[in-house]
Amino acid sequence: MENFTFYSPTKFVFGKGTESEAGKLVKAFGGSKVLIHYGGGSVVRSGLLDRVKASLDEAGIAYVELGGVKPNPRSGLVYEGIDLCKKEGVDFVLAVGGGSSIDSSKAIAAGVVYDGDFWDFYCGKPIEKALPVGTVLTIAAAGSEGSGDSVITKEEGMYKRGASGEGIRPKFSILNPELTQTLPPYQTACGITDIMAHLYERYLTNSKDVEVTDRLIEALLITMKNEGPKVIADPDDYQARANIMWAGTMAHTNSCGVGRSQDWNSHNIEHELSALYDCAHGAGLAVTMPAVFKYVKDHDIDRFTQVAQRVWDVETAEEGIDAFRDFLISIGMPSTLGELGGKKEDIPVLVKNLCYGDGRTGSISGFVTLDENDCAKIYEMML
Ligand code: NZQ
Ligand code: ZN
């Protein structure tokens with residue numbers, strides 16, 4: 001196991017009705033004027049936005065609103081949010097929604113207190129300072145509610161890039177599994193896939209003797225394998241929703257990723273798919289992961305055999321990858337590039353953006369370093 005520092009100071013408030021605590025929590029973390037930031041309308045239709053506002057009113061907290069965050073959130077709305085916060089004297093950003101609303105909120109929070117262009121953070125500058133951010137989560141998926149990360153797409157060039165830093169880790173996150181019961185089955189399945197991807201990205205390591213984190217990841221993968229089909233069959237299964245929601249948070253606070261190198265090649269390869277085709281991140285990952293795993297498995301076949309046997313109850317590495325792919329198909333996920341709207345002719349563009357776009361220098365590195373030829377072959381395997 002390698003040396004590490006683990007600091008995950010987000011306060012998680014979990015369970016039924018907990019959105020009513022939003023106002024109290026904002027106040028406790030020093031907020032007096034809030035930007036409520038949300039997506040395309042699901043929180044309006046469900047009545048959640050009104051309940052959150054009522055909670056802020058009750059705590060005597062003023063607020064302004066900015067909706068319209070799209071899945072795969074864009075830079076344009078971030079600039080708008082930064083201007084609005086400056087004009088209104090906002091001192092706290094409250095995301096109400098999924099990973100996209102949370103990531104856009106984090107970008108705004110970092111941009112408000114920075115003199116330069118917020119995009120600098122998405123080109124590698126660490127985020128040290130930001131307005132405090134809180135979240136009311138409506139989908140178990142990205143894990144942004146407990147992470148120090150944000151992913152934004154720059155409209156000019158359609159580059160999808162991540163930024164990180166302790167400054168944007170949420171001060172609190174409200175996790176009410178009931179709120180996820182209104183999700184369409186496809187979005188639920190995308191979330192399940194993303195959570196499992198966050199686990200696999202950590203499982204694929206070159207570090208030795210990492211038994212404790214291996215076992216934590218396996219436990220969470222088995223939980224997802226068992227609970228995922230329950231919510232697809234019955235969207236109102238509160239207990240299964242609850243297990244998945246907490247697994248999603250644990251998968252990405254990095255508690256099961258400490259002391260080990262991690263992969264993240266599948267995420268990087270996927271981000272070009274959601275940038276070009278505007279597909280859901282989870283759906284892109286469902287197509288990407290089996291191809292990446294087959295391509296890199298011989299780098300450490302024992303690792304793939306271990307997860308095959310311990311999680312998927314099959315013997316070989318290859319069977320384990322197939323079992324994972326079949327599981328994703330069984331919950332309604334795509335398995336080919338064509339299902340995302342992709343074509344063979346797009347591969348050179350995907351590879352160019354992935355390996356050379358916006359400051360990159362020809363390869364991506366993780367479990368295995370992949371150059372442009374490797375990446376082209378992986379995209380071809382998805383056809
Ligand atoms: O926009 P609204 O109307 O709210 O609809 C959303 C959206 O269409 C809908 N939805 C969310 N909760 C709902 C609901 N519909 C009905 N009922 C509910 N309770 O679901 C759709 C997807 O929402 P989105 O926020 O995009 O989903 P997700 O949480 O999967 O976030 C995806 C984004 O997170 C990034 C992804 O790349 C992608 O851009 N990621 C962020 C990470 C991080 N910050 O740590 C890590 C991840 O690996 C990921 O890359
Ligand atoms: Zn992800």
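Just so you know, these numbers use all the heavy atoms, side chains as well, and skip hydrogens, waters and symmetry mates. Both counts, for ligands and for their atoms, begin at 1 and track the order of listing. Given the structure is predicted, the values throughout are model-derived calculations rather than measurements.
Residue Gly41 has at least one N or O atom closer than 3.5 Å to an N or O atom of ligand 1. Between Lys106 and ligand 1, no N or O atom pair is found at a separation short of 3.5 Å. At under 3.5 Å, not a single nitrogen or oxygen of Trp264, backbone or side chain, sits near a nitrogen or oxygen of ligand 1. Between Gly40 and ligand 1, a contact under 3.5 Å exists for at least one N or O pair.
Heavy-atom proximity to Gly98, at under 4.0 Å, picks out these atoms of ligand 1: 25 (O), 29 (O). Atom numbering of ligand 1 starts at 1 in the shown order; those under 4.0 Å from a heavy atom of Gln187 are 20 (O), 21 (C), 22 (C). When each atom of ligand 1 is checked for a heavy atom of His252 under 4.0 Å away, the hits are 45 (O), 46 (C). Atoms of ligand 1 lying under 4.0 Å from at least one heavy atom of Asp194, given by number and element, are 47 (C), 48 (O). Atoms of ligand 1 found under 4.0 Å from any heavy atom of Pro73 (numbered from 1 in listed order, with element): 39 (O).
Scanning both residues, Glu315 and Thr305, for their nearest heavy atoms gives O-CG2, 3.5 Å. When every heavy atom of Gly357 is checked against every heavy atom of Tyr159, the shortest pair comes out as CA-CE2, 3.7 Å.
Both the sub-6.0 Å distance and the 45° axial angle are satisfied by Lys16 relative to the ring of Tyr238.
Only the backbone of Leu179 comes within 4.0 Å of ligand 1, judged by heavy-atom distances. Contacts with ligand 1 closer than 4.0 Å are made by heavy atoms of both the backbone and the side chain of Thr138. Neither the backbone nor the side chain of Lys70 has a heavy atom within less than 4.0 Å of ligand 1. Residue Gln181 does not touch ligand 1, judged by heavy-atom distances below 4.0 Å. Within the 4.0 Å heavy-atom criterion, both parts of Ser42, backbone and side chain, lie near ligand 1.
For atom 30 (O) of ligand 1, a protein heavy-atom neighbour is found at a distance under 4.0 Å.
Residue-environment remark: NZ (Lys70) stays at or below the threshold of 12 foreign heavy atoms within 6.0 Å. Residue Glu156 places its CD atom among 12 or fewer non-hydrogen atoms of other residues, nucleotides or ligands, all under 6.0 Å distant.
Distances from the Zn ion (ligand 2) to the N/O/S atoms of Asp194 are shortest for OD1. For His198, the N/O/S atom at the shortest distance from the Zn ion (ligand 2) is named NE2.
For Thr188 and Arg241, the side-chain atoms include at least one donor-acceptor pair closer than 3.5 Å.
Using a 30° and 60° split on the angle between ring planes, Phe367 and His299 fall in the perpendicular class, above 60°. Ring orientation note: the planes of Trp246 and Phe14 are nearly perpendicular, at an angle over 60° on the 30°/60° scale.
The Zn ion (ligand 2) has His267 among its coordinating residues (N/O/S atom, backbone or side chain, under 2.8 Å).
Remark: aromatic rings of Tyr63 and Phe92 are distant, center separation not under 6.0 Å.
For atom 45 (O) of ligand 1, the nearest non-hydrogen atom from the set Ser147, Ala163, Ala275 comes from Ser147.
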